[in-house]
Amino acid sequence: MKLAKSFFIRENVTVIARQLLGKVLVSNINNQITSGMIVEVEAYSWKERGSHAFKGMTKRNEVMFDTGGYAYVYLCYGVHEMFNVVTNEKGKADAILIRALEPLFGIETMLNRMNTDSPIRITSGPGKLARAMAIDRKLNGEDLMMNKIWIEDQGIKIERSEIVSSARIGIDYAGEDALLPWRFTIKGNKWMSKPST
DNA sequence: TACGTGATCACG
DNA sequence: GTGATCACGTAA
């Protein structure tokens with residue numbers, strides 16, 4: 001069943017991030033349905049330097065300041081689309097970057113989009129999973145209560161002992177905030193963005 | 001380890 | 001206007 005607004009409009013972004021592990025991200029784009037279980041996420045709070053929202057609202061990050069439950073999609077390095085879930089109440093610009101999925105449904109569609117024959121690691125990284133699920137900037141600001149992108153609870157429960165936390169990837173510019181252990185993965189899951197350590 | 005790639009943002 | 005920068009991915 002589809003996660004409701006109340007799931008996203010909560011205060012503690014790291015709690016929500018942990019709870020997203022095991023949930024299922026679904027997209028329905030051009031009548032192609034694809035889905036995958038979330039196995040890796042990173043939490044971002046507007047109060048720390050790692051977040052795009054730290055310096056305040058801009059045209060790009062505007063949706064982060066809205067109420068939770070919207071998609072924040074932006075272009076990174078001129079090449080990769082990155083999909084985030086906005087959380088917290090209006091004005092508190094938290095977001096969670098979805099970094100890796102275990103493909104569940106529509107794998108043929110994903111293979112076509114990735115231009116490959118091998119289903120190995122087609123969604124193991126934020127840029128790759130966005131491409132595999134056809135999520136791009138046109139979906140920035142999309143309401144996750146609608147029928148293009150949403151997140152489902154399919155009853156998969158990830159125990160606390162199965163969750164590994166570590167520093168977030170690629171945010172050296174954030175200084176000491178780069179050390180926050182706000183990257184969460186499912187222990188030993190082979191679909192995560194980097195070989196497990 | 002290097003670099004493509006182009007939007008974005010902080011300057012003026 | 002302009003230039004530095006960037007929440008990656010791939011090749012080597």
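Chain identifiers are assigned alphabetically (A, B, ...) following the order of the sequence lines, protein sequences preceding nucleic acid strands; residue numbering begins at 1 within each chain. Side-chain atoms are counted along with the backbone in the values below, which use heavy atoms only and exclude waters and symmetry mates.
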From the list I171(A), L180(A), V13(A), side-chain contact (heavy atoms from CB on, under 4.5 Å) with Y44(A) holds only for I171(A)
Might you confirm whether atom NZ of K55(A) has over 12 heavy atoms from other residues, nucleotides or ligands at distances under 6.0 Å? no
Atom CE of M57(A) and atom P of dA10(B) are separated, to the nearest Å, by 13 Å
Applying salt bridge (charged side-chain N to carboxylate O under 4.0 Å, His left out) to R168(A) and not counting sequence neighbours gives E48(A)
Practice problem: Would you check, one step at a time, whether the test salt bridge (charged side-chain N to carboxylate O under 4.0 Å, His left out) holds for D66(A) with K92(A)? | Solution: CA-CA 8 Å; D66(A) 209 328; K92(A) 297 182 176 178; over 6 Å; no
Using a 3.5 Å cut-off and no angle test, enumerate the donor-acceptor pairs between side-chain atoms of residues 145-153 of chain A and protein atoms at least two apart in sequence or in another chain.
from, atom 1, to, atom 2, distance (Å)
W150(A), NE1, E152(A), OE2, 2.9
E152(A), OE1, Q154(A), NE2, 2.9
D153(A), OD1, G155(A), N, 2.8

Original post:
For F7(A), is the NZ or CZ atom of R10(A) found under 6.0 angstrom from the centre of its six-membered ring and inside 45 degrees of the ring axis?
Top reply: yes
Each nucleotide of nucleotides 1-12 of chain C classed B (base within 4.0 Å of a protein heavy atom), S (only sugar-phosphate) or -, in 5' to 3' order, makes -----BBBSS--
Any stem touching DNA chain B, meaning at least three consecutive Watson-Crick or G-U pairs under 3.5 Å, ordered by first number, would be B:1-4 with C:8-11, B:6-11 with C:1-6
Distance-only donor-acceptor hits, side chain of residues 94-107 of chain A, under 3.5 Å, sequence neighbours excluded:
from, atom 1, to, atom 2, distance (Å)
D94(A), OD2, N88(A), ND2, 2.9
R99(A), NE, E40(A), OE2, 2.8
R99(A), NH2, S193(A), OG, 3.4
E102(A), OE1, N189(A), ND2, 3.4

Just distance, no hydrogens or angles: give the donor-acceptor pairs under 3.5 Å from side chains in residues 70-78 of chain A, sequence neighbours left out.
from, atom 1, to, atom 2, distance (Å)
Y72(A), OH, H52(A), ND1, 2.8

